[in-house]
Amino acid sequence: MANTILVGAQWGDEGKGKIIDFLTEKADIVVRSQGGNNAGHTVICGSTKYVLHLIPSGILRAGKACVIGNGVVIDPVALCSEIEGLREKGVEVGANLFISDCAHLVFPYHKVLDEHRDLKKGSGKIGTTKRGIGPAYGDKAARTGMRMSDLVQPELFSSKLKARLEENNSILKALGEERIDFGEVNAAYLRAGALLAPMVTNTVVYLHQALKEGREVLFEGAQGTFLDLDHGTYPYVTSSNTTAGGACTGSGVPPHRMDRVLGVMKAYTTRVGEGPFPTENEAFGGRLHAMGREFGATTGRARRCGWFDAVATRYSAMINGIDELAVTNLDGLDQLDSISICTAYTNRGRTLEVPPSDARQLAECEPVYMEMPGWKSSTEDARKFGDLPPDARNYLEKIVSLTGAKLGIVSVGAHRDQTIVL
Ligand code: IMP
Ligand code: MG
C-alpha cells in the first residue's frame, strides 16, 4: 500500500474506523493528524466492539505503529483511560504508540467554555461534543496553549498551568461558572503525563525516518470534509482541518510524500449536531434508527439522516483530491422501495451545482432528486461486487460517477469480512 490519506467525504461518521482497520493490514504506521476525542471510530473485531477516540484504529492490529500527530489536541486524562480500556481488552498499547510533543492539551476549562459558549448561542448553537475542542484549538491559535512537551516537564507544567488557570478562572467567574481547582487538575495531569511520557517524542522525525526506510503510512482522518474549519459549513464545523491538507500540517509529512487520497462516504448522508443539511429526511432517518443504526459513538446522539448528496460529495472530491471512494453502510438501504439521490440544489430561482459557502444560504437550498429503484434484499453477505443485486450495483455506480471518483471499496456491514474490494 502506498502512503494514503483517508478522509471523511461528508459530515463525519462515514464508517472510517472500519475502513482504516481494513487498510491497516497493508500499512506499517497509522497516523492521526487532527481533531481530538470528539472523534469516535467504531471497529468490530470478531465479537469485540472497540470505540476509539484519540488512538489511531491501527492499534487493534499487532505489529503496527500508531502516531498521534502534532495537529491533534489531547485530553491526557481521557487518553490514559482510553489506553487502560484497550489494555483491559487485551490490546497492546505501549512501544507501538508515538505521541507528538507538539500536540496541544485540552484542559477542563476548555470543556466548560465549550459548553457555555454553545448553550449561550441558543438556537444558533453548534451542538458540539463538549469535549473542549474549539477552545483548545482557540488557545493554540492565540498562542496561549500548552503542549505535550510541557506535560512531560512537571515543574514547567505546574507553573504554566497556574498562570493559565489564573486567566481562565477569571473568565469563568465572569461567566458565572465555577472556578477550577489548580491542585486537582495539576495532580491528574501530572499523573497522566507520567504514564504518557515514554510515548512522547518528535513524531515528525520518527515519520520521516520510517518513510526513508520504505515503511508505508496511513493517515486516518477524523470527522469529515464539511466539518472542516475552512471548507465546511462554518460556523457549524469542528475546529481542525479535516480535509486532506490537514494530514500534512498535522503530521509534518510533506504533500509530495502522499500517494493517494481515499474518501470514505456513506451510501446516504448523516450529520450530528446542528447546521445545514439539504437532503435531511426525517422519515428515512426514522427507518434507520428503528434498525438500531445511526447513533453516535462519542455522544450516543441519534444522527440526523438524509439522502445521498452528490453536490456535496463532488465538492468534497475536489477539495480533497479523492482518487478512490469507499462507500459504506450500503446495507442500510437494503429494504427501501426507492432511493433518492440529490443531483443539484435550487436556491433563489437558480440551479446550483456547487454548495454555497454561506451556511444560511445552504440551509435554504432545495435538493433536486432523481429516484433509483431499491433492491429489497440483504447485501450483508456479498463479498464480491458481482454478489450484489443489480440495482445495488447500479446505485453504487451512479453515486460514484456523480462524485467523479473511482469506486475502490464497498462496505456491507460492520465486520471485517463484510468488505468488497474492487
Ligand atoms: P466539536 O468538534 O466537538 O467542536 O463539535 C463541532 C461539530 O462537529 C458538532 O456538530 C459535532 O457534532 C461535530 N463533530 C465533531 N466530531 C465529530 C465526529 O467525530 N463525527 C461526527 N461529527 C462530529
Ligand atoms: Mg464517528
Side-chain angles (χ1 to χ4, degrees), residues 6-21 32-44 49-57 71-75 78 82 104 106 110-121 123-141 220-243 246 250 264-266 269-277 280 293-306 312 316 328-329 359 362-363 411 414:
L6 182 141
V7 289
Q10 297 160 324
W11 273 280
D13 302 313
E14 296 91 349
K16 294 181 294 294
K18 180 194 148 165
I19 304 295
I20 294 155
D21 173 65
R32 260 291 290 277
S33 46
Q34 44 70 225
N37 63 338
N38 50 348
H41 290 164
T42 306
V43 183
I44 295 177
K49 178 174 161 175
Y50 301 91
V51 181
L52 297 148
H53 296 287
L54 272 164
I55 301 177
S57 316
V72 176
V73 289
I74 299 176
D75 174 338
E82 193 171 329
H104 275 251
V106 182
H110 292 134
K111 285 186 245 180
V112 178
L113 289 170
D114 191 8
E115 192 157 1
H116 184 97
R117 285 176 187 158
D118 216 30
L119 283 177
K120 267 277 139 87
K121 289 194 179 110
S123 63
K125 73 175 198 282
I126 295 167
T128 75
T129 61
K130 303 185 172 63
R131 298 294 190 275
I133 305 301
Y137 276 115
D139 268 352
K140 175 179 175 177
E220 95 165 50
Q223 290 91 34
T225 298
F226 295 103
L227 291 173
D228 185 282
L229 182 58
D230 287 77
H231 302 291
T233 52
Y234 192 90
Y236 303 99
V237 293
T238 190
S239 299
S240 63
N241 285 114
T242 59
T243 46
V264 184
M265 64 186 198
K266 274 184 179 141
T269 314
T270 64
R271 161 163 216 173
V272 276
E274 306 302 318
F277 182 180
E280 184 168 18
R293 307 176 77 104
E294 303 307 344
F295 293 93
T298 299
T299 58
R301 291 182 285 182
R303 296 179 184 136
R304 298 158 65 192
C305 303
S316 166
T328 68
N329 290 273
L362 180 60
S411 170

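Start at 1 and go down the list; that is how both ligands and their atoms are numbered. It should be emphasised that the depicted structure is a prediction, and the values quoted were computed from it without experimental measurement.
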Using atom types as modelled and distance alone, determine if a side-chain donor or acceptor of [X] lies under 3.5 Å from a backbone N or O of [Y].
X	Y	value
T225	G8	yes
S240	T242	no
D21	V43	no
Y137	G35	yes

If a pair satisfies side chain to side chain donor-acceptor pair (under 3.5 Å) and one of its residues is in residues 6-19, list it, with sequence neighbours excluded.
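Output for this query lists D13-R303, E14-K16, K18-S411, K18-T419.
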Using a strict cut-off of less than 4.0 Å between a Lys/Arg side-chain nitrogen and an Asp/Glu carboxylate oxygen, indicate whether E274 and R304 qualify as a salt bridge.
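Not counted as a salt bridge, because no side-chain N and carboxylate O are separated by less than 4.0 Å.
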Atom CD1 of I20 and atom CG of L52: how far apart are they, to the nearest 0.5 Å?
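Atom-to-atom, I20:CD1 and L52:CG are 9.5 Å apart.
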Using heavy atoms and a cut-off under 4.0 Å, could you grab the residues that are in contact with ligand 1, chain by chain, numbers ascending?
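Contacts of ligand 1 under 4.0 Å: W11, D13, N38, A39, G40, I126, G127, T128, T129, Q223, L227, V237, T238, V272, G273, R301.
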What pairs with T238 under side chain to side chain donor-acceptor pair (under 3.5 Å), at least two apart in sequence or on another chain?
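Scan of T238 (side chain to side chain donor-acceptor pair (under 3.5 Å), adjacent residues dropped) gives N38.
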Exceeds 12 heavy-atom contacts within 6.0 angstrom, atom NZ of K130:
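Yes, the 6.0 Å shell around NZ holds more than 12 heavy atoms from other groups.
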For the Mg ion (ligand 2): protein N/O/S atoms at distances below 2.8 Å
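For the Mg ion (ligand 2), protein nitrogen, oxygen or sulfur atoms under 2.8 Å: 2.
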